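Please read these numbers as outputs of a predicted model, since none were measured by experiment. Residue numbers start at 1 and run along the sequence shown.
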Amino acid sequence: MSPVGLVVAAVALGAGTFAFRVAGPVLRSRIQLSPRVEKSFAVSAVVLLAALVATSSLLEGAEFAGWARPAGVAVGGVLAWKKAPFVVVVLAAGATAAGLRLLGVP
């Protein structure tokens, strides 16, 4: 793709993103959603985040990432669920994965 094409694509994506972000507050007062639809939106956001965490923690490219990374993510998830400080969550997750790799766990 040419440099001009990249700039045009970036501007178009930026404008579309801005339009979506503005549309929410503008249309919120005009459109009334049912409680069921609002709950579905909330649940879909959680499911999307869970899918992102699962694919990021379990896969390296198209292959299984090994056991150390998912174990680190699990430790971080438990600590986050227990409302540990963010720094503790990140350090514990990293230390778990690094420790397991140091022990030879892939």
Legend entry - Spacing of I31 atom CD1 and L33 atom CG [to the nearest 0.5 Å]: 7.0 Å
Legend entry - side chain to side chain donor-acceptor pair (under 3.5 Å) partners for R28, two or more places apart: E38
Contacts under 3.5 angstrom, residues 69-86 side chains, donor-acceptor by atom type, not counting sequence neighbours:
unit_1: R69; atom_1: NH1; unit_2: S56; atom_2: O; d: 3.0
unit_1: R69; atom_1: NH1; unit_2: L59; atom_2: O; d: 3.2
unit_1: R69; atom_1: NH1; unit_2: E60; atom_2: OE1; d: 3.4
unit_1: R69; atom_1: NH2; unit_2: E60; atom_2: OE1; d: 2.3

Legend entry - Inter- and intrachain pairs under ring-ring contact (aromatic ring centres under 6.0 Å, His included), touching residues 20-69, at least two apart: F64-W67
Inset, instruction - Report whether V89 and V53 are members of the same hydrophobic cluster (ILVMFWY, side-chain heavy atoms less than 4.5 Å apart, transitive linking). - result: no
